[in-house]
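Here the structure is a predicted model, which means the values were calculated and not measured. The first residue of the sequence shown is numbered 1, and numbering continues consecutively from there.
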Amino acid sequence: MIRDLEKDLIEIECAIKSQEEKDNTFTVSVLERCYELVSELKGYKELKKKEKSQRQIGNWIPCSERMPDTEESVLLSLRNLDICVGFNANTEGRFYVVGDGYVEYENVLAWQPLPEPYKS
């Protein structure tokens, strides 16, 4: 069973305080590093959760907010209301649209990651 990271952080924090009272510097430094690692893991899990939610259909990301990674296949929403598959070619401000060639950045309003493939 996966432990709750909040509980881990509280337990480590209590252990650090307890060891500080005993003045055991080595143990305190090890516990402090554990605390940092668990905090980093918590941040990583929150980031992954956010990325996963962005993979759901309908979560368009405006190009003005951020661009997709170079050569990441994505859905593109164009100014002329077309939706197509393409990728950030990262060449002179253009996307490459599958089947149509290059499209200038200013003609792309938003994008979203492709959904996960269907699994039966």
Side-chain angles (χ1 to χ4, degrees):
M1 187 165 97
I2 299 174
R3 290 182 50 126
D4 182 47
L5 291 175
E6 289 294 329
K7 290 179 184 175
D8 290 339
L9 286 171
I10 291 168
E11 287 178 13
I12 293 172
E13 207 167 24
C14 290
I16 291 171
K17 289 176 184 171
S18 169
Q19 288 301 319
E20 283 175 342
E21 290 171 5
K22 296 177 185 174
D23 197 30
N24 187 338
T25 353
F26 174 75
T27 306
V28 170
S29 66
V30 170
L31 287 171
E32 285 173 345
R33 182 63 186 137
C34 288
Y35 184 84
E36 290 170 8
L37 290 171
V38 173
S39 296
E40 288 174 22
L41 178 60
K42 181 182 174 196
Y44 175 78
K45 285 182 82 174
E46 288 170 359
L47 177 66
K48 285 297 178 189
K49 186 177 180 180
K50 182 179 177 182
E51 286 177 356
K52 186 177 180 182
S53 72
Q54 287 180 339
R55 288 194 169 271
Q56 296 173 352
I57 297 289
N59 289 331
W60 291 100
I61 302 165
C63 291
S64 58
E65 187 178 306
R66 71 181 175 97
M67 299 297 274
D69 292 337
T70 303
E71 297 190 17
E72 173 187 6
S73 293
V74 294
L75 288 177
L76 299 172
S77 178
L78 305 177
R79 284 198 187 280
N80 65 4
L81 303 179
D82 283 344
I83 294 176
C84 56
V85 176
F87 62 85
N88 181 0
N90 200 20
T91 56
E92 302 168 19
R94 298 184 295 181
F95 279 98
Y96 181 78
V97 175
V98 176
D100 284 339
Y102 289 97
V103 173
E104 302 298 319
Y105 281 169
E106 61 265 11
N107 292 324
V108 180
L109 298 173
W111 63 277
Q112 66 176 300
L114 293 177
E116 295 294 324
Y118 174 77
K119 295 178 184 169
S120 57

By ring-ring contact (aromatic ring centres under 6.0 Å, His included), Tyr96 pairs with (sequence neighbours left out) Phe87, Tyr102
Scanning both residues in full, the closest heavy-atom pair of Leu76 with Trp60 reads C-CZ3, 4.0 Å
Taking the side chain as every heavy atom from C-beta outward, state whether Leu75 and Leu114 have any pair of such atoms under 4.5 Å apart.
yes
Using side-chain hydrogen bond (donor to acceptor under 3.5 Å, both in side chains) as the criterion, list what pairs up with Asp82, not counting sequence neighbours.
Asn80
Are Ile61 and Gln112 close enough that some pair of their side-chain heavy atoms sits under 4.5 Å apart?
no
I'd like to check Glu65 versus Trp111 (side-chain heavy atoms, cut-off strictly below 4.5 Å). Are they in contact?
no
Do the side chains of Val103 and Leu78 get nearer than 4.5 Å, heavy atoms only?
yes
Using side chain to side chain contact (heavy atoms under 4.5 Å, CB included) as the criterion, list what pairs up with Val98, not counting sequence neighbours.
Val85
Asn88 and Pro68 have their tightest heavy-atom pair at ND2-O, 3.0 Å
Any residue meeting salt bridge (Lys or Arg N to Asp or Glu O under 4.0 Å) with Glu104, in chain and number order, not counting sequence neighbours
none
Once rounded to the nearest 0.5 Å, what's the spacing between atom SG of Cys84 and atom CZ of Phe95?
9.5 Å
All heavy atoms of Arg79 vs all of Leu109, minimum pair found to be NH1-CD2, 3.2 Å
Glu106 meets the salt bridge (Lys or Arg N to Asp or Glu O under 4.0 Å) criterion, sequence neighbours left out, with none
Can you see which heavy atom on Ala110 is nearest to which on Pro62, and at what distance?
CB-CA, 3.9 Å
